[in-house]
There are 2 protein chains.
Amino acid sequence: MEKAINDATYWREFDNNALSHSMAHYLMAINALRDDLGYARTTDVAEMLSVSRGAASMALSQLKKRGWVAEDPHRFLLLTNHGKQITNSIEHNYVILSKFFERVLHVDEPTAAADACKIEHLMSMETGQRLLWLMRYLLSDEELAVRVRERMKGFRERCDPIQGSVCPICGGEDECLASESEAGRES
Amino acid sequence: MEKAINDATYWREFDNNALSHSMAHYLMAINALRDDLGYARTTDVAEMLSVSRGAASMALSQLKKRGWVAEDPHRFLLLTNHGKQITNSIEHNYVILSKFFERVLHVDEPTAAADACKIEHLMSMETGQRLLWLMRYLLSDEELAVRVRERMKGFRERCDPIQGSVCPICGGEDECLASESEAGRES
DNA sequence: AATTTTTGTTCAGCAAGGTAAACAACGAAG
DNA sequence: CTTCGTTGTTTACCTTGCTGAACAAAAATT
């Protein structure tokens with residue numbers, strides 16, 4: 001049976017997530033800095049993330065304690081193998097999401113980036129993998145994919161009801177898209 | 001120009017989000033209880049979310065202060081119009097996401113629900129709307145969509161590289177899907 | 001009417017994640 | 001050698017969101 005949207009086994013997994021949003025960005029900052037500068041220090045991480053050195057210091061000591069971050073002989077920050085794996089998977093999710101939003105859904109770049117950034121560490125690898133499959137297919141040169149893109153272009157522009165389509169949400173016959181425009185965004 | 005993944009204007013929006021994950025679920029709990037029981041009290045909300053009555057009491061007083069929750073003449077909890085709008089949009093996002101994961105990506109139900117639950121309040125309405133468009137199209141009876149579903153079934157099963165396809169992530173020629181299986185999930 | 005239960009609120013405490021300020025330690029420059 | 005700037009850590013404090021315990025008020029029972 002399907003669990004309710006408020007089922008406690010689901011809704012509280014949010015906080016129990018293996019890696020918090022901020023921790024993910026500390027890891028990615030180390031990665032980016034080592035690529036850009038060849039090294040990463042606490043101060044550099046703090047500056048990149050626009051947090052105080054104190055906050056960075058404490059967060060990084062947490063990550064060291066968990067075995068995801070270490071220091072090289074020159075006392076520069078370093079991702080451990082485990083840390084590198086985690087970082088890669090999150091960056092991977094970010095790229096999949098942002099490119100999917102931009103190239104498949106044609107969401108504008110800033111919105112795509114913002115949405116992907118919030119979601120990257122929450123989407124399971126399972127879902128990310130399958131989203132990548134879909135995107136690879138829809139963006140391929142395969143004749144069918146090309147025709148779908150063309151067809152979807154018109155669909156998006158006119159937002160026209162598809163013949164014989166049943167709304168995947170309400171199960172109804174096209175009312176859903178219309179009724180939903182009422183639901184505005186809050187302040 | 002494209003902003004970096006760690007750009008502070010993006011990564012810290014996570015905490016500045018208009019509505020936190022837990023607040024969203026307090027709102028949805030009220031909604032669900034009024035549908036199920038015809039009323040909603042603090043204790044009912046607490047029980048549905050598996051939190052203490054104290055936590056629910058404090059969270060709800062926050063939501064009242066923000067004007068999203070009120071009390072009816074019988075002192076039962078009530079969503080204001082504004083609160084109702086917000087709740088609807090989040091529930092809408094949840095349904096879009098979970099159905100997209102299940103029916104388009106064929107993710108198993110528990111994973112789809114867990115992922116959707118974490119993301120529902122973070123995905124913009126813009127992106128959600130477009131995702132709905134895509135899903136409506138891909139699940140429609142239109143001849144092209146049917147053929148795509150059939151084609152994707154084989155694609156998923158064999159995970160075969162598509163002829164002439166360029167990996168939307170690395171830009172390369174099919175190495176990306178392979179190299180990515182290294183990136184395991186952490187503990 | 002008196003007692004017990006349920007309900008809702010408040011309070012102290014904890015954890016995550018920030019800030020600002022104080023401070024130690026190192027390295028370069030006078 | 002001393003002084004100054006940078007670096008990294010620590011400390012006190014804030015906010016969100018939870019727990020558990022104490023407590024008041026309302027409902028239900030006896």
Side-chain angles (χ1 to χ4, degrees), chain A residues 6-30 33 37-66 68-78 117-118 121-122, chain B residues 6 8-30 33 37 39-66 68-78 117-118 121-122:
Chain A
N6 277 318
D7 186 292
T9 55
Y10 283 151
W11 90 267
R12 299 195 62 175
E13 276 181 34
F14 188 84
D15 309 289
N16 301 338
N17 212 40
L19 195 65
S20 69
H21 178 72
S22 77
M23 287 304 174
H25 279 270
Y26 281 104
L27 292 176
M28 291 191 289
I30 294 174
L33 286 165
L37 312 177
Y39 63 88
R41 296 168 307 169
T42 306
T43 303
D44 304 316
V45 170
E47 198 193 350
M48 170 166 273
L49 297 180
S50 300
V51 298
S52 66
R53 280 176 298 151
S57 177
M58 288 186 297
L60 289 167
S61 68
Q62 263 309 111
L63 293 173
K64 286 171 192 164
K65 204 177 296 171
R66 293 195 208 175
W68 298 337
V69 168
E71 289 181 0
D72 69 13
H74 302 293
R75 301 188 41 79
F76 289 136
L77 295 167
L78 198 62
C117 177
K118 292 175 186 169
H121 70 298
L122 296 169
Chain B
N6 277 317
T9 54
Y10 283 151
W11 90 267
R12 299 196 60 178
E13 275 181 36
F14 188 85
D15 309 288
N16 301 338
N17 212 39
L19 195 64
S20 68
H21 179 71
S22 77
M23 287 302 174
H25 279 269
Y26 281 104
L27 292 176
M28 291 191 290
I30 294 174
L33 285 165
L37 311 177
Y39 63 87
R41 296 167 308 169
T42 305
T43 303
D44 305 316
V45 170
E47 198 193 349
M48 170 165 275
L49 296 181
S50 301
V51 298
S52 68
R53 281 176 298 150
S57 177
M58 287 186 298
L60 289 166
S61 67
Q62 263 309 112
L63 292 173
K64 286 172 192 164
K65 204 177 295 171
R66 294 195 207 176
W68 299 336
V69 168
E71 287 180 1
D72 70 13
H74 301 294
R75 303 187 40 79
F76 289 136
L77 295 166
L78 198 63
C117 176
K118 292 176 188 171
H121 70 297
L122 295 169

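Numbered from 1 within each chain, the chains take letters A, B, ... in sequence-line order. Source: prediction; values computed, not measured.
- The ring pair (Phe, Tyr, Trp, His ring centres under 6.0 Å) check on B/Phe14 picks up A/His21, A/His121, with sequence neighbours excluded.
- Note on A/Ser20: only backbone sugar-phosphate atoms sit closer than 4.0 angstrom, heavy atoms only; bases stay farther off.
- Put simply, CG on A/Leu27 is 15 Å from C1' on C/dG17, counting in whole angstrom units.
- Using a 4.5 Å heavy-atom cutoff, the side chains of B/Tyr26 and B/Leu77 are not in contact.
- Backbone-only engagement by A/Ser22 is indicated by non-hydrogen atom pairs under 4.0 Å involving sugar-phosphate atoms exclusively.
- Atom OH of B/Tyr39 and atom C1' of C/dG8 are 15 Å apart (whole Å).
- The phosphate of C/dG8 (OP1 or OP2) has a side-chain N or O of B/Thr43 nearer than 4.0 angstrom.
- Atom P of nucleotide C/dT7 and atom CD of B/Glu47 are separated by 9 Å, given to the nearest angstrom.
- Between B/Asp72 and B/Tyr39 there is no side-chain heavy-atom pair separated by less than 4.5 Å.
- Position along DNA chain D of the nearest nucleotide to B/Val51 versus A/Phe76 favours A/Phe76 as the more 5'-ward residue.
- The minimum heavy-atom distance linking B/Ala40 with B/Ile30 is given by the pair CB-O, 4.1 Å.
- Note on A/Ser52: a base of the nucleic acid sits closer than 4.0 angstrom, heavy atoms only.
- Distance CG (B/Asp44) to C1' (C/dT7): 10 Å, rounded to an integer number of Å.
- Atom CG in B/Asn17 sits roughly 16 Å away from atom C1' in C/dG17 (whole-Å rounding).
- Map B/Ala59 and A/Lys64 each onto its nearest nucleotide of DNA chain D; the residue landing nearer the 5' end is A/Lys64.
- Between the NE2 atom of B/His21 and the C1' atom of C/dG17 there is a distance of 18 Å, given to the nearest Å.
- For B/Ala55 and B/Arg41, each mapped to the nucleotide of DNA chain C holding its nearest heavy atom, the one lying further toward the 5' end belongs to B/Arg41.
- Counting to the nearest Å, the P atom of C/dT7 and the CD atom of B/Glu71 are 15 Å from each other.
- Atoms CZ and CZ, on B/Arg53 and B/Arg41 in that order, are 11.0 Å from each other to the nearest 0.5 Å.
- Nearest-nucleotide mapping onto DNA chain C: of A/Arg53 and A/Met23, the residue sitting toward the 5' end is A/Met23.
- One interatomic measurement links the two molecules: CG of A/Asp15 to C1' of C/dC14, which rounds to 14 Å at whole-angstrom precision.
- Annotation: A/Glu47, atom CD; neighbour count of heavy atoms from other residues, nucleotides and ligands within 6.0 Å does not exceed 12.
- The outermost nucleotides of DNA chain D lying under 4.0 Å from heavy atoms of chain B, listed 5' to 3', are D/dG17 to D/dT19.
- Residue A/Tyr26 has a polar side-chain atom (N or O) positioned under 4.0 Å from OP1 or OP2 of C/dG18.
- Using a 4.0 Å heavy-atom criterion, one finds that A/Arg75 contacts no nucleic acid atom at all.
- One distance of note links CG of B/Asp15 with OG of A/Ser22; it measures 7.5 Å at 0.5 Å rounding.
- Counting any heavy atom pair closer than 4.0 Å across all strands shown, B/Ser57 reaches a base atom.
- At least one side-chain heavy atom of A/Lys64 sits under 4.5 Å from a side-chain heavy atom of A/Glu71.
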